[in-house]
Amino acid sequence: MKKTTLRFATVAAAAVMLLGTGAARADLLKDILEAKKIRIALDTGSPPYGFVNEAMKPIGSDVETAQLLAQDLGVALEIVQTTSPNRIPFLQTGKADIVVASLSVTPEREKVIDFSTPYAQILAVVAGPKDVTISGFDDLKGKRVATTRGSNNDKVVTTGAKDAQIVRFDDDATLVTAAVSGQASIIATSPAIVSTVLQKAPQKDMVTKFTMSTVPLGIGLRKNEPELKAWINDWVTKNTANGKLVAIYKKYHGS
């Protein structure tokens with residue numbers, strides 16, 4: 001029994017040593033530099049953060065942010081197409097190295113992934129027809145409210161408007177289509193999506209009714225990647241100070 005106990009203790013000690021060096025072994029930044037490629041999850045169904053233009057080329061504020069990041073890192077950019085519900089799972093399963101897809105920094109998400117220093121911010125708003133009176137969550141009682149599944153907007157409106165009928169679409173592009181086609185007249189989304197709806201269907205006369213919340217946007221990455229997180233944080237800080245990230249945001253959002 002003593003020999004068995006000793007062997008068990010030796011194995012357990014080795015396991016602890018391996019766990020203790022896990023952070024040292026995990027170095028995604030080194031892997032990216034060696035591969036000369038970074039896989040960035042982008043949502044190209046979420047204008048103006050990400051969308052496809054007439055030439056079938058991905059563009060948008062998040063797309064240009066990702067392009068600048070890859071350029072400054074000195075590696076090629078591989079775009080991994082994602083949707084709101086898949087952004088975090090793509091990180092966790094290793095399908096993407098990082099996520100740049102209008103990902104709001106929330107306490108719930110910070111439990112499972114890490115975030116960079118915020119590179120932008122986003123408003124969560126409720127919009128609807130101009131002639132409909134809506135000034136807060138209470139006015140949504142019994143009303144049909146559309147939003148994007150798995151987004152921060154989904155979480156905020158579901159929590160705030162408990163008596164509303166929440167209808168969820170898989171991505172921002174289908175939410176826009178629903179609003180334009182008349183499937184949804186009240187939406188919980190971002191100001192950018194409201195603008196997109198108005199560009200496609202100005203006759204809808206949709207206006208922002210109230211702001212649900214203001215949250216920062218961060219670049220998402222897996223837990224326990226200190227080298228990569230430090231590099232990205234430094235990159236965000238420098239490119240915020242030099243105005244490049246602000247210029248990208250203004251180019252697509254107007255302010």
Side-chain angles (χ1 to χ4, degrees), residues 43-51 60-62 65 83-85 87 100-109 115 118-218 220 245-246 248-255:
D43 184 356
T44 55
S46 181
Y49 296 97
F51 57 104
S61 58
D62 278 342
T65 297
T83 59
S84 288
R87 292 173 296 182
V100 184
S102 56
L103 191 60
S104 304
V105 181
T106 66
E108 293 79 11
R109 288 171 177 167
F115 283 95
Y119 68 96
Q121 67 175 17
I122 187 171
L123 299 180
V125 303
V126 168
K130 190 175 183 180
D131 59 355
V132 175
T133 301
I134 299 173
S135 59
F137 288 121
D138 289 345
D139 294 325
L140 297 177
K141 183 177 180 178
K143 291 184 170 60
R144 191 171 185 267
V145 182
T147 191
T148 301
R149 188 188 313 279
S151 65
N152 184 61
N153 306 310
D154 183 356
K155 175 182 176 295
V156 176
V157 74
T158 300
T159 302
K162 297 184 183 298
D163 296 320
Q165 180 189 352
I166 309 298
V167 181
R168 296 172 178 86
F169 292 87
D170 286 337
D171 54 39
D172 286 334
T174 52
L175 177 64
V176 169
T177 299
V180 170
S181 65
Q183 295 179 60
S185 59
I186 302 172
I187 58 177
T189 186
S190 68
I193 298 302
V194 178
S195 297
T196 301
V197 172
L198 288 172
Q199 288 171 9
K200 293 178 177 291
Q203 74 279 6
K204 293 296 179 182
D205 204 17
M206 181 175 284
V207 298
T208 296
K209 297 297 184 177
F210 70 96
T211 298
M212 298 187 291
S213 67
T214 302
V215 291
L217 297 182
L245 287 175
V246 175
I248 289 173
Y249 192 85
K250 285 185 176 181
K251 176 180 177 180
Y252 291 95
H253 298 263
S255 62

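One is the number of the first residue; the rest follow in order along the sequence.
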For this session: Give the minimum heavy-atom separation between Val125 and Ser190, together with the two atoms involved.
Result: CG2-C, 4.0 Å
Exercise. Are a donor atom and an acceptor atom from the side chains of Ser46 and Asp172 found within less than 3.5 Å of each other?
Worked result: yes
For this session: Begin with the C-alpha distance, continue with both residues' side-chain angles, and end with the deciding distance and a verdict on side chain to side chain contact (heavy atoms under 4.5 Å, CB included) for Ser102 and Arg87.
Result: CA-CA 10 Å; Ser102 56; Arg87 292 173 296 182; 4.0 Å; yes
Exercise. Within the distance-only criterion (no hydrogens, no angle test), does the side chain of Arg109 pair as donor or acceptor with the backbone N or O of Ser104 below 3.5 angstrom?
Worked result: yes
For this session: Work out which heavy atom in Ala146 is nearest to a heavy atom in Leu175; give both atom names and the distance.
Result: CB-CD1, 3.6 Å
Exercise. Ignoring hydrogens and geometry, is there a side-chain-to-backbone donor-acceptor pair from Arg144 to Gln183 under 3.5 Å?
Worked result: yes
For this session: Evaluate the side-chain proximity of Met212 to Phe137: yes if any heavy-atom separation is below 4.5 Å, no if none is.
Result: yes
For this session: Could you pull out the closest heavy-atom pair between Val145 and Ile187, with the gap in Å?
Result: CG1-C, 4.3 Å
For this session: Identify the two heavy atoms, one from Lys130 and one from Val207, that lie closest to each other, and give their separation to 0.1 Å.
Result: CA-CG2, 3.9 Å
Problem set entry | Closest non-hydrogen atom pair, Tyr249 against Gln121 | OH-O, 3.3 Å
For this session: Quick one: pull up CD1 in Ile193 and CD1 in Ile122 and give me the separation to the nearest 0.5 Å.
Result: 8.0 Å
Exercise. Is there a donor-acceptor contact under 3.5 Å from the side chain of Lys200 to the main chain of Ala179?
Worked result: no
For this session: Answer yes if the side chains of Ser84 and Arg168 hold a donor-acceptor pair under 3.5 Å, and no otherwise.
Result: no
Problem set entry | Greater than 12 external heavy atoms within 6.0 Å of Asp205's CG | yes
Exercise. Does Thr159 reach the main-chain N or O of Val156 with its side chain, forming a donor-acceptor pair under 3.5 Å?
Worked result: no
Exercise. Could you walk me through whether Ile186 and Lys209 pass the side chain to side chain contact (heavy atoms under 4.5 Å, CB included) check?
Worked result: CA-CA 10 Å; Ile186 302 172; Lys209 297 297 184 177; over 6 Å; no
Seminar exercise, completed: Which of Asp170, Thr174, Asp171 passes side-chain hydrogen bond (donor to acceptor under 3.5 Å, both in side chains) with Arg149? It is Asp170
Problem set entry | Smallest separation among heavy atoms of Asp154 and Thr148, with atom names | CB-O, 3.3 Å
Exercise. Mind checking whether Tyr49 and Tyr252 have ring centres under 6.0 Å apart?
Worked result: no
Exercise. Between CG of Leu198 and CD of Gln203, what distance do you get to the nearest 0.5 Å?
Worked result: 9.5 Å
